[in-house]
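Just so we're on the same page: letters track the sequence lines, and every chain starts at 1.
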Number of protein chains: 2
Amino acid sequence: MLKLSRKTEYALMALRHLYGKTTEQLTSSKEIAATYRIPGELLAKTLQQLAREGIVETVQGPLGGYRLKVNLEKVSLTDFIELLEGPVALTDCSIDKNCDQLGTCTIRTPIHRINDTMKNVFNNVTLAEVMQ
Amino acid sequence: MLKLSRKTEYALMALRHLYGKTTEQLTSSKEIAATYRIPGELLAKTLQQLAREGIVETVQGPLGGYRLKVNLEKVSLTDFIELLEGPVALTDCSIDKNCDQLGTCTIRTPIHRINDTMKNVFNNVTLAEVMQ
DNA sequence: ACTTATACGACCTCTAAGGTCGGATTAAAC
DNA sequence: GTTTAATCCGACCTTAGAGGTCGTATAAGT
């Protein structure tokens, strides 16, 4: 039903948390999880993924934690969602073309049109705007 | 990942099929299913639901089938999706407010803003446009 | 050494999507 | 009036993916 996954929600909340801090300051995954009552392990894994993708930076060991790495004005919501959930698309045929109905499908073109419009909405929102 | 359900896809294809016919002409569920290689039972149930909702009209018995009932220009894509899949919303808190994070959530407002924008996209597309 | 943080793969659970089946109802055709 | 071809509809099955947990490894400050 066109929902974001919890992973994405949690990630946005975590980024919002880091957004308020100075560039040097570190925050542990646990602290964020506790603040927002997010399952700790899941948030940790999500932050690790964001670290791999270069969105946040990580420091290990005691006193370690996460901090922002990129300028959130440079990252669109599309980029972010696709990073965590894969391609944004109303239908599978917007991505790979393996579909039984391919030959006979009559709604592909209009759906792709709408898909583009929707994607444009997300393209035009930066993560910085979501933090406001 | 923001996908439409197959049910919705099948429903759109079926409507597109009926759209090309005269107002009197009936088409059986089976014929549509065969034409587009859609699982018959599933399409049948979907068409029944559309009949209950007043989108199509049904005639029982042999030579029976379905035909359009409403003017597709009067139905927005939002209406249609919500009919088949329930509320269009990026997050659950856009619908009912039962969420553990309610008190501490910091991204609710911006998410709702984006949600409204997205919904507007679907509001401004009529089913008739999807048939083109 | 010990502690406290991230790193990460393996696993578990539960829900909903997608699809199937069986039988009931309706009505045209013979 | 029996047969046949369509809708009607609830019950059920299966599977994938979301969401979450666990155990263990690794890194680094004290």
For atom NZ of Lys30(A), is the number of surrounding heavy atoms from other residues, nucleotides or ligands below 6.0 Å larger than 12? no
Phosphate contact (dC8(C) OP1 or OP2) by Arg52(A) side-chain N/O below 4.0 Å: yes
Taking atom types as modelled, is there a side-chain donor on Asp79(A) or Ser76(A) under 3.5 Å from an acceptor on the other? yes
Within the pair Tyr66(B) and dC8(D), is there a side-chain N or O less than 4.0 Å away from OP1 or OP2? yes
Step by step, work out the side-chain hydrogen bond (donor to acceptor under 3.5 Å, both in side chains) result for Gln48(A) and Thr58(A). CA-CA 8 Å; Gln48(A) 284 157 31; Thr58(A) 155; over 6 Å; no
OP1 or OP2 of dG20(D) under 4.0 Å from side-chain N/O of Tyr10(A): yes
Please pick, from dT7(D), dC8(C), dT26(D), the nucleotide with the shortest atom-to-atom distance to any side-chain atom of Gln60(A). dT26(D)
Of all the nucleotides listed (dC8(C), dG20(D), dT30(D)), which has the minimum atom distance to the side chain of Leu63(A)? dT30(D)
Leu84(B) CG to dA16(C) C1', in whole Å, measures 16 Å
Grab the CZ-C1' distance between Arg6(B) and dT20(C) for me, whole Å please. 16 Å
Whole angstrom value for the distance that separates C1' of dA17(C) from CD of Glu9(B): 12 Å
Are the side chain of Ser94(A) and the backbone N or O of Leu90(A) linked by a donor-acceptor pair below 3.5 Å? no
In whole angstroms, the gap separating C1' of dA16(D) from CG of Asp92(A) amounts to 13 Å
Taking atom CD of Glu73(A) as the centre, does the number of heavy atoms from other residues, nucleotides or ligands within less than 6.0 Å exceed 12? no
Looking at every non-hydrogen atom in both residues, tell me the closest pair between Arg67(A) and Gln25(A) and how far apart they are. CB-O, 3.4 Å
Atom CG of Leu4(B) and atom P of dA16(C): how far apart are they, to the nearest Å? 19 Å
With the threshold set at under 4.0 Å for non-hydrogen atoms, list the residues of residues 26-42 of chain A touching DNA chain C in residue-number order. Ser28(A), Ser29(A), Glu41(A)
Report the residue (Lys45(A) or Gly64(A)) whose heavy-atom-nearest nucleotide on DNA chain C is the more 5′ of the two. Gly64(A)
Is any NZ, NE, NH1 or NH2 atom of the basic residue among Glu82(B) and Lys119(B) found under 4.0 Å from an Asp or Glu carboxylate oxygen of the other? yes
How many Å lie between CG on Leu47(A) and P on dC8(C), as a whole number? 13 Å
Leu50(B) atom CG is separated from dT7(D) atom P, nearest whole Å, by 13 Å
Can you tell me the distance, in whole Å, between the CG atom of Leu43(A) and the P atom of dT21(D)? 12 Å
